[in-house]
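Right, one structure below, let's go through it.
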2 protein chains.
Amino acid sequence: MAPRTVTKSLEFEMTDVVSDLETLVGYNMKRAYVAIQKDFRAALGEGGLSPRTFSALSLVVAHPNISQSDLARMLGIERSGLVAIIDDLEARKFLSRTLVPGDRRVQALVPTKAGIAAYGATLVTVQAHEDRLLADLSTSEKDTLMQLLMKIRLTDRES
Amino acid sequence: MAPRTVTKSLEFEMTDVVSDLETLVGYNMKRAYVAIQKDFRAALGEGGLSPRTFSALSLVVAHPNISQSDLARMLGIERSGLVAIIDDLEARKFLSRTLVPGDRRVQALVPTKAGIAAYGATLVTVQAHEDRLLADLSTSEKDTLMQLLMKIRLTDRES
DNA sequence: GCAAAACTGTTTACCTGATTAACAATACAC
DNA sequence: GTGTATTGTTAATCAGGTAAACAGTTTTGC
């Protein structure tokens with residue numbers, strides 16, 4: 001079956017590999033992640049939302065009345081860690097904690113009009129930042145990257 | 001030119017996209033990075049090297065007699081932040097700070113035999129962790145991922 | 001020659017993001 | 001009803017990182 005395909009020449013490319021480090025996915029993932037985050041913060045500027053706060057706001061806008069516990073689960077963080085994030089968003093008047101009739105434990109998170117507007121504007125800025133930073137990647141490369149990242153991300157499901 | 005290619009069906013796939021968040025590279029990059037790092041730590045266990053300490057050791061083994069300043073530059077961190085990492089590696093007797101004849105400011109980092117051995121063993125463990133975690137990705141997918149991450153990473157050069 | 005500038009390793013103070021453990025209030029199982 | 005589970009919260013702690021200052025040591029520019 002397919003006896004003599006020549007694949008050897010693809011195994012190594014002659015870019016000078018500085019050390020084994022360069023061949024590890026984790027190391028390159030970290031460096032790429034740091035570069036993106038740095039540019040994200042620069043794009044949103046002083047007083048702008050941090051990546052995690054933006055993520056939380058995004059999910060609250062997409063899922064109004066979500067509880068903090070559910071939001072924490074979606075973000076993959078502990079609910080104790082979410083408190084400060086929600087405090088921040090509430091201080092900015094982007095959402096409010098509101099009582100839920102049926103269950104007095106939970107406080108549903110509802111975005112304000114200002115919150116929805118701010119989210120929309122910020123999303124545009126964030127998308128512009130990604131378009132700029134990833135200008136060297138073609139659309140199909142970006143698609144591929146997203147698929148691969150998603151695959152790796154979902155590895156973490158069971159924990 | 002190419003008047004009616006049907007690309008529309010590729011634009012959106014019918015996985016339920018929870019929010020805009022899922023469409024952002026940065027968010028998925030972070031989630032994937034967190035998943036990998038978590039698995040890395042689990043693979044190396046209690047008392048094992050942290051990712052950043054492993055990275056530093058890798059570069060010292062690959063470049064014996066490197067200075068701390070050069071190492072910090074390679075890692076993309078401040079040299080003040082490197083001190084604790086080198087302290088750790090020196091405490092484990094994996095390297096030593098040694099005087100350099102020509103310049104009394106620098107202390108060259110030289111790996112010990114134990115350091116080189118530990119690095120080799122750890123590298124095998126790390127590679128096994130990545131192979132396991134990324135088992136769902138084909139070899140060519142891994143290659144593609146590395147190329148794309150490298151491209152993004154190099155965006156950060158000028159800073 | 002020598003003053004000014006630059007570089008090296010280091011400490012200190014601080015920041016961000018995150019976790020764990022505990023807690024009071026509330027709801028649910030049966 | 002009693003025991004168990006869940007919610008939001010605080011407090012303590014940690015990991016990783018930055019920025020500013022510092023003493024000691026070259027290097028540069030005349």
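Each chain gets a letter, A, B and so on, in the order its sequence line appears, and its residues count up from 1.
- Spacing between atom CZ of B:Phe40 and atom P of D:dA15 amounts to 15 Å, rounded to whole angstrom units.
- When B:Val110, B:Leu71, B:Asn65 are each tested for a side-chain contact (heavy atoms from CB on, under 4.5 Å) with B:Val60, only one passes: B:Leu71.
- Distances shorter than 4.0 Å separate some side-chain N or O of A:Arg73 from OP1 or OP2 on D:dT7.
- With hydrogens and angles disregarded, no donor-acceptor distance shorter than 3.5 Å links the side chain of B:Thr23 to the backbone of B:Ser19.
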Grab the N/O contacts between the protein and nucleotides 12-17 of chain C below 3.5 Å, and write none if there aren't any.
unit_1 : atom_1 : unit_2  : atom_2 : d
C:dG17 : OP1    : A:Arg41 : NH2    : 2.6
C:dG17 : OP2    : A:Arg52 : NE     : 3.4

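- Applying the side chain to side chain donor-acceptor pair (under 3.5 Å) criterion to A:Asp103, with sequence neighbours excluded, gives A:Arg105.
- We find that CG of B:Asp87 is positioned 7 Å from P of C:dT11, with the value rounded to whole Å.
- Put simply, B:Phe40 and B:Leu145 are part of two different groups of oily side chains (I, L, V, M, F, W, Y) that touch within less than 4.5 Å, one to the next.
- Remark: P of C:dT8 and CZ of B:Arg97 are 15 Å apart, rounded to the nearest angstrom.
- Between B:Ile85 and B:Arg79, the residue whose closest nucleotide on DNA chain D is further toward the 5' end is B:Ile85.
- Judged as a side chain to side chain contact (heavy atoms under 4.5 Å, CB included), and not counting sequence neighbours, the contacts of A:Ala35 are B:Asp156.
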Side chains of residues 24-34 of chain A: which donor-acceptor pairs under 3.5 Å do they make with residues two or more places apart or in other chains?
unit_1  : atom_1 : unit_2   : atom_2 : d
A:Tyr27 : OH     : A:Arg31  : NH1    : 2.7
A:Asn28 : OD1    : B:Arg153 : NH1    : 3.1
A:Asn28 : ND2    : A:Glu22  : O      : 3.0
A:Asn28 : ND2    : A:Leu24  : O      : 3.0
A:Arg31 : NH1    : B:Met74  : O      : 3.0
A:Arg31 : NH1    : B:Leu75  : O      : 3.3
A:Tyr33 : OH     : A:Gln37  : OE1    : 2.8

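- Each of B:Arg73, B:Arg79, B:Arg97 was checked for a side-chain hydrogen bond (donor to acceptor under 3.5 Å, both in side chains) with B:Gln68, and the lone residue meeting it is B:Arg97.
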**Report entry** Footprint string (nucleotides 24-30 of chain C, 5' to 3'): B base within contact, S backbone only, - free, heavy atoms under 4.0 Å
**Finding:** --BS---
Could you tabulate the donor-acceptor pairs under 3.5 Å formed by side-chain atoms of residues 41-52 of chain A, not counting sequence neighbours?
unit_1  : atom_1 : unit_2  : atom_2 : d
A:Ser50 : OG     : A:Thr53 : N      : 3.4
A:Ser50 : OG     : A:Thr53 : OG1    : 2.7

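- A salt bridge does not link A:Glu130 with A:Lys142: none of the charged nitrogens is closer than 4.0 Å to a carboxylate oxygen.
- The residue A:Glu78 sits close to a base: some heavy atom pair falls under 4.0 Å.
- An OP1 or OP2 oxygen of C:dT8 is reached within less than 4.0 angstrom by no side-chain nitrogen or oxygen of B:Ser67.
- Counting to the nearest Å, the C1' atom of C:dC7 and the CG atom of B:Asp70 are 11 Å from each other.
- Considering only side-chain N and O atoms, B:Gln68 lies under 4.0 angstrom from the phosphate OP1 or OP2 of C:dT10.
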